Number of protein chains: 2
Amino acid sequence: MSNAQAPAPTSRREQILKEAARLFAERGFHGVGVDEIGAAVGISGPGLYRHFAGKDAMLAELLVGISERLLAGGRMRVAEGGEDPRAVLHALIDGHIDFALDDRPLITVHDRELDRLREADRKRVRQLQRQYVELWVEVVRRVHPGPSESQARAAVHAVFGLLNSTPHLGRPGSLPGRTEMAELLHRLALGAFGAVAGGPAEAPAAGGPVAAGA
Amino acid sequence: MSNAQAPAPTSRREQILKEAARLFAERGFHGVGVDEIGAAVGISGPGLYRHFAGKDAMLAELLVGISERLLAGGRMRVAEGGEDPRAVLHALIDGHIDFALDDRPLITVHDRELDRLREADRKRVRQLQRQYVELWVEVVRRVHPGPSESQARAAVHAVFGLLNSTPHLGRPGSLPGRTEMAELLHRLALGAFGAVAGGPAEAPAAGGPVAAGA
DNA sequence: CCTTCAGGTTAACGACCACTAACCCGGCTG
DNA sequence: CAGCCGGGTTAGTGGTCGTTAACCTGAAGG
């Protein structure tokens, strides 16, 4: 009620998308009514149709948008990373962590409501996702040349699951703060990737191969 | 009509629950109608109400059931594991992997539709989940005494995300078969846990900017 | 044989919900 | 100042869906 704040160029569309993402993440696409989305941004019900063709269109824009941003970010980091694949991998991980921690609702919706899209949009999202995965796979395989491509791909998927685990997290104080969490997730991801190569990997003693690098 | 197969004591209830789980996983709780669930088991629509009080009751039974089985399995493995916490951890991981690979739909529904439950059931499920997590946390901390409890808990959550990543997997042949997959997931989980201990409090110092910067 | 009863069936009802229709208003612009 | 128009509003509509009601049937069981 009190927040009539729109000082930033946060266009109405973006505001709606943000709230819709939050609500979709909380209660699922079908679980949220357009009236609720409207209420969340201070307008009510059908007013949304001045900005979107329908509820489906909101979901589509959310999913396509997030997929594009993820892929674009990934490509940027790969391009900036230069020669050292290890540094690129670090950058990819950090980028994904930022995303997972900052845009939690989007991440949730992202791998939850994909099937609610129209064929065309779904295909587009899947294609973007696939490209993002392949980006990672390439980098991972350069850092850890051992495993097969399908193993590397599975590992990348699994690490995504690991990094995206933040949404499912338990209640308040039982978990580290954001900075510590980011650092921890980074280490976990690196540890997982490190183990994909090794044989029946035994726990690497502290300071072991994981921390290698520089 | 054609499948009059009910040789096993697969009671109608169980059959319904299984199909409901699959459908809920595919299209979400709200996305599935009771008619579809009925059709999936050969009866139609309201016939389900001879077996369940309602759609919610099916979901509740699914979620409570899976949580109980997970916890029971975990406790069993801890009890059987004996002294060596490392062996127990291995057993916990393998058990969870079996679950993730065999009961994919249940896993999916499990961390997706929790909020659709009535208060009482939700509380029960959360309690079971929490106990399961704490089971892991204890074991992990015995294997890797370094990190704080909240770090260990976050790591356990993250590894759950990793192990539960199988549902989100891409299409057909691009991934390893079940045996290989189980082994790979096992290694990844171990690797992640191994890295949680990594630097006592500092980042792996791999020349990489771990801190979440801009 | 008549009854019971588990497990179905179809029809109908009521709630909800996405979307449309029709109207409204305040601020630019010519 | 006229008038367009972006962005709202409320009322209504058609469709879907969970649930209930009422009826049916075939297999025990006394």
Side-chain angles (χ1 to χ4, degrees), chain A residues 1-24 26-63 109 113 115-118 121, chain B residues 1-63 109 113 115-119 121:
Chain A
M1 302 298 187
S2 53
N3 58 350
Q5 318 256 46
T10 314
S11 74
R12 212 67 208 258
R13 280 183 70 90
E14 297 178 51
Q15 190 190 2
I16 294 172
L17 285 175
K18 188 176 156 193
E19 294 302 312
R22 185 177 56 81
L23 290 166
F24 288 162
E26 276 174 16
R27 301 211 289 286
F29 180 67
H30 291 292
V32 180
V34 290
D35 291 4
E36 293 178 78
I37 303 174
V41 299
I43 75 182
S44 233
L48 295 172
Y49 288 77
R50 299 288 165 194
H51 303 276
F52 295 93
K55 208 178 146 193
D56 301 357
M58 298 182 213
L59 182 62
E61 197 156 320
L62 279 176
L63 293 185
V109 174
E113 313 279 5
D115 313 317
R116 267 52 119 198
L117 256 52
R118 291 193 352 263
D121 297 315
Chain B
M1 293 299 193
S2 52
N3 58 351
Q5 317 258 47
T10 314
S11 74
R12 212 65 203 263
R13 281 182 70 91
E14 296 177 52
Q15 191 189 2
I16 294 172
L17 285 175
K18 189 176 155 192
E19 294 302 312
R22 184 178 56 80
L23 290 167
F24 289 162
E26 277 173 16
R27 303 211 289 285
F29 180 67
H30 292 292
V32 180
V34 290
D35 291 4
E36 294 179 79
I37 303 174
V41 299
I43 74 181
S44 233
L48 295 171
Y49 287 76
R50 299 288 166 194
H51 304 275
F52 295 93
K55 207 178 148 194
D56 302 357
M58 298 182 213
L59 183 63
E61 198 158 318
L62 278 176
L63 294 184
V109 174
E113 313 280 5
D115 313 318
R116 268 51 120 199
L117 257 52
R118 290 188 357 259
E119 175 70 12
D121 297 315

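Because the structure is a prediction, the values reported are computed rather than measured. Protein chains get the first letters and strands the later ones, always in sequence-line order, with residue 1 at the start of each.
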Participant: Without decimals, in angstroms, what is the distance between F29(A) CZ and dC17(C) C1'?
Facilitator: 12 Å
Participant: Atom CE of M58(B) and atom C1' of dC17(D): how far apart are they, to the nearest Å?
Facilitator: 13 Å
Participant: Find the distance D35(B):CG to dT20(D):P and express it as a whole number of Å.
Facilitator: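 That distance rounds to 15 Å.
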Participant: Please report, rounded to the nearest Å, how far the P atom of dA18(C) is from the CG atom of L23(A).
Facilitator: 12 Å
Participant: Do M58(B) and L48(B) have side chains that approach each other closer than 4.5 Å (heavy atoms only, starting at C-beta)?
Facilitator: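 Of all side-chain heavy-atom pairs linking L48(B) with M58(B), at least one is under 4.5 Å.
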Participant: What is the distance, rounded to the nearest whole Å, between atom OH of Y49(B) and atom C1' of dT19(D)?
Facilitator: 5 Å
Participant: Considering every strand and a 4.0 Å limit on heavy-atom distances, what is the contact class for V41(A): base, sugar-phosphate, or nothing?
Facilitator: nothing
Participant: How long is the line joining CD1 of I37(A) and P of dC19(C), in whole Å?
Facilitator: 10 Å
Participant: Whole angstroms only, please: what is the CD-P distance between Q15(B) and dG7(C)?
Facilitator: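 Computing the Q15(B):CD to dG7(C):P distance gives 13 Å.
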Participant: Would you please test R22(B) and E26(B) for salt bridge (charged side-chain N to carboxylate O under 4.0 Å, His left out) and show each step?
Facilitator: CA-CA 6 Å; R22(B) 184 178 56 80; E26(B) 277 173 16; 3.4 Å; yes
Participant: Rounded to whole Å, how long is the line connecting atom NZ of K55(B) with atom P of dT20(D)?
Facilitator: 14 Å
Participant: State which residue, out of L117(A), L23(A), L59(A), D115(A), fulfils the side chain to side chain contact (heavy atoms under 4.5 Å, CB included) condition with F29(A).
Facilitator: L59(A)
Participant: Can you tell me how far apart OG1 (T10(A)) and CD1 (I16(A)) are? Round to the nearest 0.5 Å.
Facilitator: 12.5 Å
Participant: Heavy-atom count check: over 12 atoms from other residues, nucleotides or ligands less than 6.0 Å from R118(A) CZ?
Facilitator: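 Counting neighbours around CZ of R118(A), 12 or fewer heavy atoms of other residues, nucleotides or ligands fall under 6.0 Å, so no.
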Participant: Under 3.5 Å, is there a donor-acceptor pair between the side chain of E19(A) and the main chain of V41(A)?
Facilitator: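 Answer holds: no.
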Participant: Going 5' to 3' through nucleotides 5-16 of chain D, assign each nucleotide B (protein heavy atom under 4.0 Å from a base atom), S (under 4.0 Å only from sugar-phosphate atoms) or - (no protein heavy atom that close).
Facilitator: --BBBBB-----
